[in-house]
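Working notes, structure below.
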There are 2 protein chains.
Amino acid sequence: MGNRPKKNVTIYDIAKAANVSPATVSRVLTGNAKVSEEKKKLIMEQIEMYDFKPNALARGLSVNKSFTIGFIVPDIKNQYFSTVYYEFEKYALKNNYTALVANSQSNYERESQLLNMFLEKRVDGIVLMGGRVDTNSCDKKYYDEIEQINKIVPVVVTSKNENIKVPTVYLDEEQSIYDLISHLKSQNCSSVGLLCGYDNINVSFIRRKQFKEACKFYGLEMREEWIIDGDFSIEGGIRAMTKLSQCLKVPDAVCCINDMVAAGALNYVHANNIDVPGDILITGIDGSYICEAAYPQITTIQVDYESFARKVCQMLIDSINQTCINTEVPSKTNVIVRGSTRRILK
Amino acid sequence: MGNRPKKNVTIYDIAKAANVSPATVSRVLTGNAKVSEEKKKLIMEQIEMYDFKPNALARGLSVNKSFTIGFIVPDIKNQYFSTVYYEFEKYALKNNYTALVANSQSNYERESQLLNMFLEKRVDGIVLMGGRVDTNSCDKKYYDEIEQINKIVPVVVTSKNENIKVPTVYLDEEQSIYDLISHLKSQNCSSVGLLCGYDNINVSFIRRKQFKEACKFYGLEMREEWIIDGDFSIEGGIRAMTKLSQCLKVPDAVCCINDMVAAGALNYVHANNIDVPGDILITGIDGSYICEAAYPQITTIQVDYESFARKVCQMLIDSINQTCINTEVPSKTNVIVRGSTRRILK
DNA sequence: CACCTTTTAGAAACCGATTTCATCTTTTTG
DNA sequence: CAAAAAGATGAAATCGGTTTCTAAAAGGTG
């Protein structure tokens, strides 16, 4: 404790020890130029001997590249974001990138602060999930900031937002939502409520629209009063379900904006002795552990995290390497049917 | 797209524009030396004008400090780890640190690879959760590596492991485990099974020992055959519970090594029409969302994530600043009683 | 064997900050 | 009012890599 070596081994030390110039050591390190086998062997030996680790700060300064990506999520505790990051990191590491992860807590000022830190740290690219990206009602300056930053360093956002013109990878759940409604119909369901996030959150807005259309398409009733705003938490699900249950007529299925809300709805249902799936069907979106932990297990729209995250990473790397072609890539989902909507034995 | 400016604004540009030397600009940036108000104002204006962001790579190279922390977890999808990181990051940011997050997938070679990347990136400190830190049966070279790295850059690990002599912050659940068993007894429970992780995982080993002692203390039966190995997943919980149910006599309470396993146990129980808490009591550990999503909700040992993560961060920063005093700090937990063990109305 | 090409490797400049050292001014003090 | 102390600032070295430029050595060709 308290007596770590102050001096690191440098390329100069290795050069001296191997009796060559620093340039030659560098050539061995980068592999960017030919070095005779003889000297290469000598150098490698010394690198081994000294357990030399090239200083990435110096390298980064020199080549103007940090092999670091900034990754902003609203809240890494939310399994949706942690899973995307998990898969993203796998793919990024294969391409030699490490990621700085930061939680914006959906706070725009904090997001700005984090983006600035990332710029100072000279990240090679930035992934921005949630926060202002996911909102269509925040001050225009916040959208501008992202476009401005994208002019300096590649940015990829993960939500479709017409206000922000930067490369985007987004979840396309339309087909799944139709499939889900169709499935509910097959379970003798005739009316559907929606426990939704706020209207100004893009993902809520889009899903709400698609749910409405799907219900119309399959002829299921969906009243406006059954569409309840809320947040994305278990608590929010309980509150929303409480509100829904105060309607004169109650729908016989409830689609939730994510799995947490669905879990909250189930909480309410259990507390009030309502039978699922007997009295009411409940569905979530995301495909998180919660679905399997709940009882009955929750029917959900499963995100293909591996594929989604890979697309994000690939788009960012392409953008870094200036080989980016598409700027808006969808990622598909699929329905997983579980106990919360399984009424009819097949 | 494809035409980002190649040249960044540097301290030299600012110096030229403000008609001062780069040294003076630097003095303004760092605040390490007096600069006349007049020049300071001029410089600030130019910094504003150019939207100048100092290059952290250059600064890091110069002062030999990156203000970056490496954070290794086995799996950020696991809510225990993501919550610790979430709280850690809050605290780290206040101290101007950003964190590189990486998933080791509990793979030692990958862990080594990540540690090496961190060393190359000249992180100021490393937090190591899980993986080899949590295992007491892996090759000695893996423990040595951590001690070796701790000689180069401060490391904090989050699991008590006698094989590794580096600063440690760990969960001290002993009191909570006694409280939990006492609570079970109060619910007319007389025998306890344990769905545990493998014996070579420290956290399993310690908890198992403490559960045994607590049961002995309170006079609850705990047979060896009721202690079932497994992993830390829902699937693992189902498997373990299946195995437990094959015993001739079955305990009337089951304590699980974490909430996920408890959720798995509940899964089994539901599938087999066993009543919780009527026929059997089930408990978890961690205090994750899962507890509230499950039905009945799971009684658990709640980790105080904020306090735990703060201790980790503080210890690391102290270690970086050479002001580290303690090298082994416990963090308390407490029991939260929910439906899965509430038999008796109070 | 002389001439040209290719290969290999070192010297030195560069990336963009910080910091030491020296210089010049200004202020304090005896 | 001169000498000493304090304050502000610039020049230049430094951190540790990469890369360009150049020169020497090796190899190929007529």
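Letters A, B, ... mirror the listed sequences (proteins, then strands); counts begin at 1. Predicted model only: the values in this text are computed from it and were never measured.
Below the 3.5 angstrom threshold, one finds a donor paired with an acceptor across the side chain of Arg27(A) and the base of dG10(C).
Salt-bridge annotation for Glu306(B) and Arg310(B): present, with a side-chain N of the basic residue lying under 4.0 Å from a carboxylate O of the acidic one.
DNA chain D is contacted by Ser36(B), Lys39(B) of residues 36-48 of chain B, taking any non-hydrogen atom closer than 4.0 Å. Within residues 51-59 of chain A, the residues approaching DNA chain D are Phe52(A), Pro54(A), Asn55(A), Ala58(A), Arg59(A), by heavy-atom distance under 4.0 Å.
When side chains are defined from C-beta on, Glu111(A) counts as touching Arg132(A), because their heavy atoms get closer than 4.5 Å. You'll find the side chain of Leu115(B) reaches within 4.5 Å of the side chain of Ile126(B), heavy atoms only. Here the side chains of Glu328(B) and Lys160(B) are in contact, with some heavy-atom distance below 4.5 Å.
Closest-nucleotide positions on DNA chain D for Val63(B) and Lys34(B) were compared, and the one nearer the 5' end corresponds to Lys34(B). When each of Leu29(B) and Tyr12(A) is assigned the nucleotide of DNA chain C bearing its nearest heavy atom, the one mapping closer to the 5' terminus is Tyr12(A).
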Would you be so kind as to tabulate the donor-acceptor pairs closer than 3.5 Å made by side chains of residues 38-52 of chain B, with sequence neighbours excluded?
{"residue": "Lys41(B)", "atom": "NZ", "partner": "Glu45(B)", "partner atom": "OE2", "Å": "3.3"}
{"residue": "Asp51(B)", "atom": "OD1", "partner": "Lys53(B)", "partner atom": "NZ", "Å": "3.1"}

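In summary, the side chains of Asp318(B) and Gln314(B) do present a donor paired with an acceptor at a separation below 3.5 Å, with no hydrogens or angles considered.
Applying the side chain to side chain contact (heavy atoms under 4.5 Å, CB included) criterion to Asn161(B), with sequence neighbours excluded, gives Tyr143(B), Asn163(B), Ile164(B), Asn202(B). With sequence neighbours excluded, the residues that form a ring pair (Phe, Tyr, Trp, His ring centres under 6.0 Å) with Tyr97(A) are Phe67(A).
Protein chain B touches strand DNA chain D; the 5'-most and 3'-most nucleotides with an atom under 4.0 angstrom of its non-hydrogen atoms are dA8(D) to dG16(D).
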